[in-house]
Every structure is written in structure tokens, then in C-alpha cells.
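The next block holds one structure in the form of C-alpha cells; read it before the comments.
Within every chain, numbering begins at 1; the chains are lettered A, B, ... in the order of the sequence lines, protein sequences first and strands thereafter.
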Protein chains: 2
Amino acid sequence: MLTPRKQPRQQRSRETVAVILEAAAQLFQRHGYAGTTTNKIAERAGVSIGSLYQYFPNKDALLVALAEHYLTQSAEQVAQVFSRAAEHRPSLHDLLTDLVGCVADLHTDRPELHRLLFDQAPRTPGLVTRFRQAEQQIAGALAGELRRLRAGGPDPGLSALLAVQGIEAQLHGALLDQPDGRDTSGHVQAVIRLWHRALAAAP
Amino acid sequence: MLTPRKQPRQQRSRETVAVILEAAAQLFQRHGYAGTTTNKIAERAGVSIGSLYQYFPNKDALLVALAEHYLTQSAEQVAQVFSRAAEHRPSLHDLLTDLVGCVADLHTDRPELHRLLFDQAPRTPGLVTRFRQAEQQIAGALAGELRRLRAGGPDPGLSALLAVQGIEAQLHGALLDQPDGRDTSGHVQAVIRLWHRALAAAP
DNA sequence: CAATAATGCGAGCTATTCTCAGTTTTCGGT
DNA sequence: ACCGAAAACTGAGAATAGCTCGCATTATTG
């Protein structure tokens with residue numbers, strides 16, 4: 001059990017949950033996951049440790065809750081890219097520019113939070129699945145666009161999945177563990193060019 | 001300090017270190033990192049907890065030592081791919097087949113160990129750097145081959161880095177967090193095809 | 001064969017997660 | 001307004017895991 005312990009019913013307790021999550025986010029970002037104790041989180045939130053454990057069965061559950069929130073928000077951003085695409089039917093290059101730009105923004109908007117969740121995700125069972133889900137959802141949408149553009153080769157579904165996985169890894173490497181001396185915008189441009197060549201329909 | 005506490009000088013202590021690492025590897029793989037206590041490791045290794053902490057300053061150091069060993073071994077495997085390439089000067093497609101196959105083997109040979117290290121790496125400061133180093137080293141070698149083949153576009157160095165990051169992420173997703181219903185060898189083939197299109201010299 | 005250095009030992013100190021019995025606050029019905 | 005029940009809150013402390021330190025044992029050196 002990672003999320004469900006007790007559902008807050010009254011207004012008071014909903015605020016308690018919110019203030020706990022806010023405190024957790026701040027302390028995790030400042031001192032890292034291991035460097036933050038649940039007692040400190042409760043203290044900072046101005047509630048007792050008992051209240052914290054009334055809504056979160058363990059420390060990991062705090063992380064899962066933060067990730068849930070973050071992933072939902074991210075999914076909305078990416079969904080907008082595809083709803084724009086459905087309307088304007090852009091070229092492959094324009095679509096990739098939009099998509100890669102969006103994912104890059106997700107990294108740079110709140111880099112600490114992004115890194116925190118990404119770093120902790122692998123060791124928290126539920127989170128890996130959740131991340132993969134988001135990945136597949138985006139890949140599904142991308143696959144649709146590739147079919148419209150007659151791009152992505154014989155198996156657009158698979159190509160789309162590989163593209164999503166690749167783009168995420170490349171941008172993560174570029175924006176969060178920056179190899180020294182490379183300029184960011186050139187890096188992003190290179191990612192777009194590369195995927196354009198990989199996915200473009202044969203001429 | 002993550003590695004250096006005391007250097008084992010006598011034969012006896014070198015065996016102690018070896019048996020501790022062996023026990024750590026087994027227990028980490030069986031019960032996960034968090035699910036393994038240092039006391040259990042010492043017990044399984046047949047040494048006292050004090051001896052363990054004489055050579056490893058903390059629990060993370062055990063992980064770093066295992067990673068060090070694994071990365072060295074992996075680097076050798078990949079180096080062989082490029083020394084073969086230097087001799088036979090293969091086509092881009094053959095080179096990619098060899099490289100991707102090699103990286104895939106690294107994932108499937110000891111999947112538990114690979115996943116363990118990969119999952120824990122992000123939260124262990126020294127390990128991230130160490131992984132990125134390995135990545136850049138491989139990218140450097142690949143960049144050389146791309147230049148020979150006049151492939152990889154205007155900046156073969158950057159293209160090579162993106163390729164290495166992408167391939168690792170895609171194979172990791174395919175082999176360790178398998179999306180249901182996809183066959184593995186087809187997946188690997190798709191990765192090769194995709195990178196061939198992305199990197200091939202314009203005709 | 002001392003004297004010295006290296007290695008090994010494990011009870012217990014410290015810090016952290018999480019529980020639980022009891023108190024306070026809110027809510028619904030009369 | 002009042003009361004009983006449910007929800008929310010509290011914090012001492014149980015349980016556990018990482019790690020230390022003083023001392024015992026084994027190897028090396030001169």
C-alpha cells in the first residue's frame with residue numbers, strides 16, 4: 001500500500017494533507033530524499049508526526065503523491081502539443097520541434113523537482129510503472145501523428161515508443177547532467193534534427 | 001568519502017573484502033538495496049559488522065564498489081566492439097548491429113545486477129558521474145567511427161553522444177521493463193534500423 | 001621472540017521510521 | 001443548543017538499522 005491509508009473527508013484534513021505535501025516537496029528538494037526525515041517534514045508542516053502517518057503510510061508514499069501530481073501536470077502539457085497538432089496538422093519537423101520543446105520545458109521549469117522524482121522513481125516500485133504508463137500514452141499519441149504523416153517506418157507504434165524513450169533520456173542528459181561546454185539550445189536542435197532523420201518518410 | 005577507508009594489505013583481508021562484496025551482491029539482488037541490512041551482509045559473508053565497516057565507510061560504498069567492477073567489465077566489452085571495428089572497418093549498419101548487440105548483452109547477462117546499479121545510481125552522487133564518464137567514453141569512440149564513415153551529420157561528436165544515451169535508454173526499457181506483448185529481438189532490430197536512418201550519411 | 005602493525009570482533013550508541021492509546025475537534029440529528 | 005459518534009490530531013516510545021569504538025587476535029618485521 002503506497003497511497004491509500006485514510007481519505008481526508010473534512011476541509012481541515014484536506015488542508016493538512018496539502019501542507020504536508022508542500023513541506024515534503026520543499027525539504028526533499030533542499031536536502032534530498034535520504035537527507036529529509038519524516039519528523040522534520042511534520043515539524044515544518046506544523047502538524048504532529050502522527051497526523052502525517054494518518055494520510056501517508058510511509059515515507060515513499062509522500063514521494064508517490066508528489067510524482068502523481070507532477071506527472072498529471074506534465075501529461076496535460078504534452079496533451080496540448082497533440083491537440084494543437086490535431087488542429088493544425090503540422091509537418092513532422094514542426095511537430096518534433098513542438099514536442100521536444102515541450103519536454104525540454106518540463107525539465108527546465110522545476111529542475112530540482114524533476115530530478116528528485118526521476119532519481120527516486122526507479123527504487124519505488126509503483127513509480128516505475130507510473131512513469132512507463134505516461135511514456136506509453138505519449139508514444140500512442142505520437143504514433144497516430146506518424147501514421148498521418150506516413151512516417152516512422154513499418155511499425156510506427158514501436159518507432160514512437162523508441163522516440164519518446166530516446167528524447168527523454170537525451171534531454172535529461174543535456175539539461176540535468178549537463179556535459180560541460182555544450183550549449184543547450186544547440187543540443188536541443190540536434191535532438192530535433194536527429195529524430196527528424198530517424199522518423200521521416202522515405203522520399 | 002565513498003571508497004577509501006583502509007586498503008587491505010594482507011592476503012587475509014583481501015579475501016575478506018571479496019567475500020563481503022560477494023555477499024552484498026547476492027543480498028542486494030535478492031532483497032533489493034533498502035531490504036538488505038549491513039548486518040545481514042556481514043553475517044552472510046561470515047565476518048563481523050566491524051570488519052565490514054573497516055573497508056567500506058558506509059552502505060553506499062558497497063554499491064559503488066560493485067558498480068566500479070561492473071562498469072570496468074562493461075567498458076571492456078564495448079571496447080572490443082570498437083577494436084574489431086578498427087580492424088575490419090565495417091559499414092555503419094554492421095557497426096550498429098555489433099554495438100547494439102553488445103549493449104543488449106550487457107543488459108541480459110545479469111539483469112538483476114544491471115537493474116540494481118542502474119536504479120540506485122541516481123541517488124548515489126559519485127555513481128552518476130561515473131556512469132556519464134562511461135557514456136562519454138563510448139560516445140567518443142563512436143564519434144571516431146562516424147567520422148570515418150562520413151556519417152552523423154555536421155557534429156558527429158554530439159550525434160554519437162545522443163545515440164549512446166538513446167540506445168541505452170531504449171534497450172533498458174525493452175529488456176528490463178518490458179512492455180507486454182513485444183518480442184525482444186524485433187525490438188532490438190528496430191533500434192538498429194532507427195539509428196541507422198538517423199546517422200547514415202546523406203546519399 | 002618481542003614489538004609493532006594489521007585485521008577482526010560485537011555490544012551498544014544514535015538516528016529514523018512508524019505505532020497506538022488517548023485527546024480534541026467537527027458533524028448530523030433532535 | 002445539546003449530545004453522541006466519527007473524524008482528526010497528538011507525541012511518547014517501540015522497533016529497527018546504520019555505524020562506532022575499545023579491545024582481542026593474528027600476521028609481519030628486525
Side-chain angles (χ1 to χ4, degrees), chain A residues 1-24 26-28 30-66 120 123-126, chain B residues 1-28 30-66 116 120 123-126:
Chain A
M1 297 283 181
L2 271 172
T3 10
R5 169 151 283 205
K6 179 187 283 187
Q7 236 58 21
R9 300 181 180 285
Q10 306 177 0
Q11 182 60 25
R12 178 170 57 139
S13 57
R14 255 175 263 125
E15 276 165 15
T16 300
V17 169
V19 80
I20 289 172
L21 281 176
E22 176 63 28
Q26 283 182 23
L27 292 178
F28 282 161
R30 186 160 355 218
H31 307 293
Y33 182 74
T36 304
T37 72
T38 50
N39 280 294
K40 288 269 188 217
I41 293 172
E43 186 183 354
R44 172 136 238 239
V47 303
S48 84
I49 183 64
S51 294
L52 189 156
Y53 278 95
Q54 195 144 37
Y55 301 106
F56 302 95
N58 52 52
K59 195 179 168 183
D60 277 0
L62 291 162
L63 207 63
V64 172
L66 289 174
Q120 305 299 332
R123 51 159 55 189
T124 312
Chain B
M1 296 285 180
L2 272 173
T3 9
R5 170 152 282 205
K6 179 186 283 187
Q7 236 59 19
R9 301 180 179 286
Q10 306 176 0
Q11 183 58 26
R12 180 170 55 138
S13 55
R14 256 175 263 124
E15 276 164 16
T16 301
V17 169
V19 80
I20 290 172
L21 281 177
E22 177 62 29
Q26 283 182 24
L27 292 178
F28 283 161
R30 188 165 347 223
H31 308 293
Y33 183 73
T36 304
T37 74
T38 52
N39 280 290
K40 289 268 189 218
I41 293 172
E43 187 184 353
R44 172 130 234 235
V47 302
S48 85
I49 183 65
S51 294
L52 189 157
Y53 278 95
Q54 196 144 36
Y55 301 105
F56 302 95
N58 53 52
K59 194 178 170 184
D60 277 358
L62 290 163
L63 207 63
V64 172
L66 289 174
L116 171 77
Q120 304 300 331
R123 53 159 49 191
T124 313

Checklist entry - Where the side chain of B:S13 meets the backbone of B:T16, is there a donor-acceptor pair that is under 3.5 Å apart? => result no
Contacts of B:I49 and A:R12 projected onto DNA chain D by closest heavy atom; the upstream (5') one is A:R12
Would you mind reporting whether B:Y33 and B:L62 have side-chain heavy atoms less than 4.5 Å apart?
no
Rounded to whole Å, the CD1-C1' distance (B:I41 to D:dC19) equals 13 Å
In whole angstroms, the gap separating P of C:dT16 from CD of A:E43 amounts to 12 Å
Output yes when at least one side-chain N/O atom of A:Y53 is less than 4.0 Å from OP1 or OP2 of D:dT10, else no. no
Sorted by position of nearest nucleotide on DNA chain D, 5' first, the leading residue of A:L52 and B:Q10 is A:L52
message = Does the structure place the NZ or CZ of B:K59 under 6.0 Å from the centre of the six-membered ring of B:F28, at an angle of no more than 45° from the ring's axis?
response = no
B:I20 atom CD1 is separated from C:dT7 atom C1', nearest whole Å, by 11 Å
Q. Using a cut-off of less than 4.0 Å, is there contact between a side-chain N or O of B:S48 and OP1 or OP2 of C:dG10?
A. no
> With sugar-phosphate meaning primed atoms plus P, OP1 and OP2, does A:T37 contact a base, only sugar-phosphate, or nothing at under 4.0 Å between heavy atoms?
Replying inline: sugar-phosphate
Q.
Within the structure provided, determine whether A:V17 and A:F56 are in side-chain contact (heavy-atom separation under 4.5 Å).
A. yes
Q: Give a yes/no on whether any side-chain N or O of B:T16 is located under 4.0 angstrom from OP1 or OP2 of C:dG8.
A: yes
Rounded to whole Å, CZ of A:F56 lies from P of C:dT16 at a distance of 21 Å
Would you call B:L27 and B:T37 a side-chain contact if the rule is heavy atoms closer than 4.5 Å?
no
Taken to the nearest whole Å, CD/A:Q54 to P/C:dT24 is 16 Å
I want to check one thing: is the phosphate of C:dA6, taken as OP1 and OP2, less than 4.0 Å away from some side-chain N or O of B:S13? no
Whole-Å distance, B:Q11 CD to C:dA6 C1', equals 14 Å
DNA chain C nearest-nucleotide lookup for B:N39 and B:R14: closer to the 5′ end is B:R14
task = Answer yes or no: does a side-chain N or O of B:S51 lie under 4.0 Å from OP1 or OP2 of C:dT7?
result = no
Under-4.0 Å side-chain N/O to phosphate OP1/OP2 contact, A:T38 with C:dT17: yes
Between CD of A:E15 and P of C:dT26 the distance, given in whole Å, is 11 Å
